[in-house]
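When a residue number appears, it is its place in the shown sequence, counting from 1. Just the heavy atoms: all of them, side chains too, but no hydrogens, waters or symmetry mates, feed the values below.
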Amino acid sequence: MPDFTDSDSAFMQRAVELARNGLFSAHPNPMVGCVLVKQGKIVAEGWHEVAGEAHAEIRALAAAGDNARGATAYVTLEPCAHHGRTPPCTAALIAAGIREVVVACGDPNPRVDGKGMQALRDAGIAVRTGVLREQVEQLLAGFFCRMLRGRPRVRIKIACSLDGAIAMADGQSQWITGAEARADGQRLRASSGAVMTGIGTVLADDPSLTVRDASLIPHGRQPLRVIVDSELRMPLAAEMLVLPGTTLVYCCDDSRAGALRAAGAEVARVSGKSGLVDLVAVLADLGKRDVNDLLVEAGPSLAGQLLLQGLVDELVIYQAPHIMGSETMRMFNTPGWSQLMQRQRLQIVDRTEFGDDLRITARPVS
């Protein structure tokens with residue numbers, strides 16, 4: 001691995017900060033930042049904002065103009081070498097006279113995957129890779145998951161009391177957490193390609209599953225709304241069917257699909273197991289639909305099935321400082337768990353306070 005200086009890390013850190021600007025808008029493309037450096041100083045910056053528009057490198061080159069010649073480009077992800085919705089970034093970097101490109105990590109997209117760095121080297125441009133690699137791979141965890149595993153990263157969002165309750169026995173749950181935690185949950189929703197819930201939640205709560213804060217969706221893109229509904233019990237008058245964005249319903253039995261499609265939904269029939277939608281098939285289909293990050297906001301049945309099947313990549317738990325008691329609903333239904341040894345171990349990767357509430361981010365340990 002090449003040696004990196006403190007300056008390399010600092011310039012790449014700035015590129016990472018720029019990449020984060022695309023958190024709510026770059027989907028389904030990866031967030032990418034680019035910094036052009038000449039004689040130890042930043043001369044131009046760029047980041048990828050919207051799929052189909054200029055990539056980070058192109059925006060930085062445009063900002064630099066003739067000053068790009070002889071500069072070093074710090075890019076968070078390997079530049080593309082193919083024609084997609086935009087021309088290849090490698091060709092632009094070569095034409096601009098960039099002398100060196102420092103890349104945090106390679107792009108696992110089969111259309112790129114080393115081809116970009118090779119094109120630069122073939123043109124006589126020095127290429128170094130690996131600075132802040134882990135940080136960028138985590139930033140792009142959903143994109144990497146889709147490219148390498150064919151499915152989105154699955155995150156389950158839960159609001160609960162200190163004793164682990166998500167609702168009272170009769171379903172009352174508004175509001176367990178405070179306004180600051182709920183606002184953070186909206187940011188999490190806005191950063192996701194799709195939001196999924198089960199038909200039980202739809203029948204009980206008639207949720208919208210939309211991003212309510214317009215500032216979080218600057219280009220008006222609402223996440224895809226995904227409903228797991230094995231028997232297609234989705235109400236034709238469900239609120240989400242008339243809201244902006246797309247509602248996609250997965251089922252095993254599509255006998256009512258015509259009426260539901262007429263009401264505004266998209267319906268997809270997938271294979272089933274024991275009369276239930278095959279969640280592995282659902283995730284594979286969402287991967288084909290270019291969903292990088294799937295946020296699950298569901299009741300204990302769907303959340304439990306995802307956990308039991310090993311399909312959960314991350315848990316985001318907002319815990320409020322109160323006790324709701326024994327007459328409540330829990331986070332997960334896990335039929336068959338009766339031994340302590342069956343418990344799911346978690347690795348806590350972050351703890352952040354929002355008002356009086358605590359957000360715990362954890363990943364299952366296999």
With sequence neighbours excluded, give me every ring-ring contact (aromatic ring centres under 6.0 Å, His included) pair touching residues 250-281. none

Has the side chain of S191 got a donor or acceptor atom that lies under 3.5 Å from a matching backbone atom of F24? no

Hey, is E297 close enough to R189 for a salt bridge, meaning N to O under 4.0 Å? yes

Should we count CG of D66 as having more than 12 external heavy atoms under 6.0 Å? no

Determine, for E231 against R256, whether the closest basic-nitrogen to carboxylate-oxygen distance falls under 4.0 angstrom. no

Under 4.0 Å between a Lys/Arg side-chain N and an Asp/Glu carboxylate O for R20 and E17? no

If you define the side chain from C-beta out and look only at heavy atoms, does anything of L188 sit under 4.5 Å from Y318? yes

Can you tell whether the side chains of E266 and R261 come within less than 4.0 Å, N to carboxylate O? no

Evaluate salt bridge (charged side-chain N to carboxylate O under 4.0 Å, His left out) for D253 paired with R269, printing each intermediate quantity in order. CA-CA 7 Å; D253 176 6; R269 182 176 180 177; over 6 Å; no

Begin from the C-alpha positions of E353 and R359 and carry the test salt bridge (charged side-chain N to carboxylate O under 4.0 Å, His left out) through to its verdict. CA-CA 6 Å; E353 292 184 2; R359 185 189 68 191; over 6 Å; no

Within 45° of the axis and under 6.0 Å from the centre of the six-membered ring of W337, does NZ or CZ of R343 qualify? no

Let me confirm one number: the CG-CG distance from D293 to D313, rounded to the nearest 0.5 Å. 9.5 Å

Minimum heavy-atom distance between A68 and L61, given as atom pair plus value: CB-CD2, 3.9 Å

Return the minimal non-hydrogen interatomic distance between A104 and T76, and the atom names on each side. CB-O, 3.2 Å

Counting neighbours of CD on Q39 that are heavy atoms of other residues, nucleotides or ligands and sit closer than 6.0 Å, is the number greater than 12? no

Check: Q138/E134 side-chain N/O donor and acceptor closer than 3.5 Å: no

In Å and rounded to the nearest 0.5 Å, what is the CZ to CE distance from R330 to M324? 8.5 Å

With under 30° as parallel and over 60° as perpendicular, where do the rings of H55 and H48 fit, or are they tilted in between? perpendicular

Is it true that a side-chain atom of K38 and a backbone atom of N67 form a donor plus acceptor pair closer than 3.5 Å? yes

What verdict does the side-chain hydrogen bond (donor to acceptor under 3.5 Å, both in side chains) test give for S9 and D6, after you've listed the backbone C-alpha separation in whole Å, the side-chain angles of each residue and the deciding distance to 0.1 Å? CA-CA 5 Å; S9 297; D6 289 343; 5.5 Å; no

One thing to verify: whether D184 and R187 come together as a salt bridge, which I'm taking to mean a side-chain N less than 4.0 angstrom from a carboxylate O. yes

Could you walk me through whether M117 and T129 pass the side chain to side chain contact (heavy atoms under 4.5 Å, CB included) check? CA-CA 9 Å; M117 289 185 283; T129 66; 3.1 Å; yes

Which atoms form the tightest heavy-atom contact between F332 and G304, and what is the distance? CD2-N, 3.8 Å

